[in-house]
Amino acid sequence: MIVVMSVNASAREISDVIARIREMGYDVHLSEGKERTIIGVIGRGQPLQQDLLALLPGVQQVMRVTHPYKIASREYHPDDTLIPLNGIQVGSEDLAIIAGPCSVEDRVQIIETAHAVREAGATALRGGAFKPRTSPYAFQGLGEEGLQYLAEAREETGLPIVTEIMDPQLVPMVCQYADVLQIGARNMQNYTLLHAVGESQHPVLLKRGMSSTVEELLMAAEYILSHGNTRVMLCERGIRTFETATRNTFDINAIPVLKEISHLPVIADPSHATGKWEYVEKVSMAAIAAGADGLIIEVHLDPENAQSDGRQSLKPERFAALVEKAKQLAPVVGRRVAAPVTA
Ligand code: PEP
Ligand code: MN
């Protein structure tokens with residue numbers, strides 16, 4: 001249920017409504033938009049007296065939200081959520097371009113890659129230090145050492161760091177290094193982890209599980225939001241289908257669907273969606289045209305010898321060409337690729 005307050009509702013009227021809802025045993029989540037305040041009523045208190053709430057001064061409308069996600073829904077938060085990242089607002093007309101290797105492999109690799117992607121116009125640097133690998137024998141990442149190299153790369157280039165977290169107990173440690181916590185596809189429904197990052201207040205990039213529906217993605221986002229962290233970016237990274245020509249199938253539909261039913265920014269990951277570097281630029285352009293708020297792209301200095309995901313990684317010069325294409329396409333769909341403050 002949401003309570004939509006009138007445009008001219010007073011602070012007193014808003015706090016009276018909140019007090020009334022709490023008396024009924026519900027939690028309150030407040031959305032203070034440009035125009036009006038919307039109060040989300042969440043939980044399982046005594047049966048909600050909808051009519052009674054509708055009569056309170058300053059209330060314009062009481063609406064039932066029919067989706068299982070509430071705080072993630074557009075009804076609750078009609079304005080787009082904007083998340084600051086390196087001088088831009090993710091979710092606004094400025095496209096976020098996050099780029100870097102799948103894994104941090106060594107100090108020189110990540111620092112050189114950071115310089116290269118910054119030159120090309122990236123907004124932020126990605127790189128995994130904790131890697132969720134299908135095989136226990138594959139490279140598992142450098143752990144905290146990798147995070148230290150990422151922090152060094154940020155110091156040198158000014159690029160904020162996006163890196164994956166897998167263990168809820170490591171949230172405080174990873175937050176010391178990361179600007180954005182990435183939840184990987186394999187952990188999208190790790191509820192203990194979602195709870196922990198929800199309490200952290202750190203921006204989150206939440207990847208769609210490889211066999212998850214849009215609704216399940218939004219329910220995962222709801223876990224984070226309901227623990228008080230409002231800075232969640234959703235990420236479409238391809239889903240499993242019967243198709244084997246590509247690593248995953250990029251669900252382009254998910255972008256306009258998510259933008260319609262949720263206020264959260266949507267980032268596209270054409271690298272994991274295709275699994276082949278040859279398709280990354282084309283699918284990136286399709287994602288921008290479909291309304292994505294940004295891209296996350298794997299870039300490697302020497303893809304043939306990468307420790308992970310070399311097959312889908314772009315060399316820096318190809319990444320630079322992709323950014324140039326994005327600059328040309330963006331204005332056609334009301335977007336732009338702004339020069340990051342660190343450029
Ligand atoms: C990654 O970003 O390198 C990664 C492991 O992605 P996903 O969780 O989408 O597979
Ligand atoms: Mn990867």
Side-chain angles (χ1 to χ4, degrees), residues 96-105 109-110 113 117 122 124-136 138-143 146-147 150 160-167 174 178-190 193-194 197 203-214 216-217 220-221 224 232-241 246-252 254-255 258 266-277 279-280 283-284 287 292 294-315 319:
I97 303 186
I98 304 164
C102 179
S103 307
V104 179
E105 297 171 8
Q109 172 238 17
I110 194 65
T113 313
V117 300
L125 176 69
R126 64 149 288 149
F130 295 95
K131 295 303 302 175
R133 304 306 299 281
T134 303
S135 164
F139 178 61
Q140 304 286 308
L142 296 179
L147 296 177
L150 282 165
I161 302 303
V162 180
T163 196
E164 180 158 356
I165 173 143
M166 299 202 294
D167 181 343
V174 178
D179 298 284
V180 177
L181 300 173
Q182 176 177 322
I183 306 266
R186 292 157 189 79
N187 271 311
M188 189 203 83
Q189 288 180 313
N190 180 338
L193 182 61
L194 298 174
V197 301
V204 177
L205 180 79
L206 175 65
K207 293 188 131 196
R208 179 179 180 180
M210 57 187 85
S211 305
S212 299
T213 62
V214 161
E216 286 163 343
L217 170 61
I224 302 172
V232 179
M233 297 172 244
L234 306 169
C235 179
E236 166 56 40
R237 49 75 75 204
I239 50 173
R240 281 241 164 117
T241 67
T246 48
R247 180 176 179 183
N248 290 292
T249 297
F250 185 58
D251 180 9
I252 196 150
I255 298 172
L258 286 167
V266 178
I267 305 293
D269 176 348
S271 305
H272 293 86
T274 62
K276 293 182 179 164
W277 69 264
Y279 308 138
V280 168
V283 175
S284 298
L295 301 169
I296 180 165
I297 310 271
E298 286 187 340
V299 176
H300 200 280
L301 301 171
D302 180 14
E304 291 78 16
N305 293 301
Q307 293 272 16
S308 60
D309 289 350
R311 183 67 188 85
Q312 67 198 33
S313 298
L314 295 179
K315 290 183 178 159
F319 170 67

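Side chains included, hydrogens not; waters and symmetry mates left out as well; all remaining heavy atoms used. Both ligands and their constituent atoms are indexed starting at 1 by order of listing.
Residue, atom and distance of the protein heavy atom nearest to atom 4 (C) of ligand 1 are His272 NE2, 3.4 Å. Counting protein heavy atoms only, atom 6 (O) of ligand 1 is closest to Lys207 NZ, 2.9 Å.
No donor-acceptor pair closer than 3.5 Å links the side chain of Thr113 to the backbone N or O of His300. Side-chain atoms of Gln140 never come within 3.5 Å of backbone atoms of Leu142 as a donor-acceptor pair (strictly under, hydrogens ignored). Listed for the Glu105 side chain is a donor-acceptor partner under 3.5 Å among the backbone atoms of Gln307.
Near Arg186, the atoms of ligand 1 lying under 4.0 angstrom from a non-hydrogen atom of the residue are 7 (P), 8 (O), 10 (O). Under a 4.0 Å criterion applied to the non-hydrogen atoms of Cys102, ligand 1 contributes the atoms 3 (O). If you number the atoms of ligand 1 from 1 as listed, the ones under 4.0 Å from a heavy atom of Glu298 come out as 1 (C), 3 (O). Every atom of ligand 1 with a heavy atom of Gly184 under 4.0 Å away is listed here by number and element: 8 (O). Listed by atom number, the atoms of ligand 1 under 4.0 Å from Arg237 heavy atoms are 7 (P), 9 (O), 10 (O).
Here the options are Val162, Val104, Ile98, Ile110, the test is side-chain contact (heavy atoms from CB on, under 4.5 Å), and the partner is Leu125; only Ile110 passes.
Minimum heavy-atom separation, Leu314 to Phe319: CD1-CA, 4.0 Å. Here the closest heavy-atom approach between residue Val214 and residue Ala254 is recorded as CG2-CB, 4.1 Å.
Residue-ligand proximity: Met210 is placed with every non-hydrogen atom at 4.0 Å or more from ligand 1. Residue contacts with ligand 1 leave out Arg208, since none of its heavy atoms falls under 4.0 Å from the ligand.
The shortest distance between side-chain heavy atoms of Lys131 and Met166 does not fall below 4.5 Å. Here the side chains of Val299 and Arg126 are not in contact, with every heavy-atom distance at 4.5 Å or above.
Between Glu298 atom OE2 and Asp309 atom OD2, the angle centred on the Mn ion (ligand 2) amounts to 120° (nearest 10°). Here the angle at the Mn ion (ligand 2) defined by NE2 in His272 and SG in Cys102 stands at 170°, rounded to 10 degrees.
The option with the heavy atom closest to atom 8 (O) of ligand 1, from among Gly128, Ser308, Cys235, Ala185, is Ala185.
For the residue pair His272/Asp309, the side-chain donor-acceptor check at 3.5 Å is satisfied.
Distances between N or O atoms of Glu164 and those of ligand 1 include no value under 3.5 Å. In terms of polar-atom proximity, defined here as any N/O pair under 3.5 Å, Asp269 makes no such contact with ligand 1.
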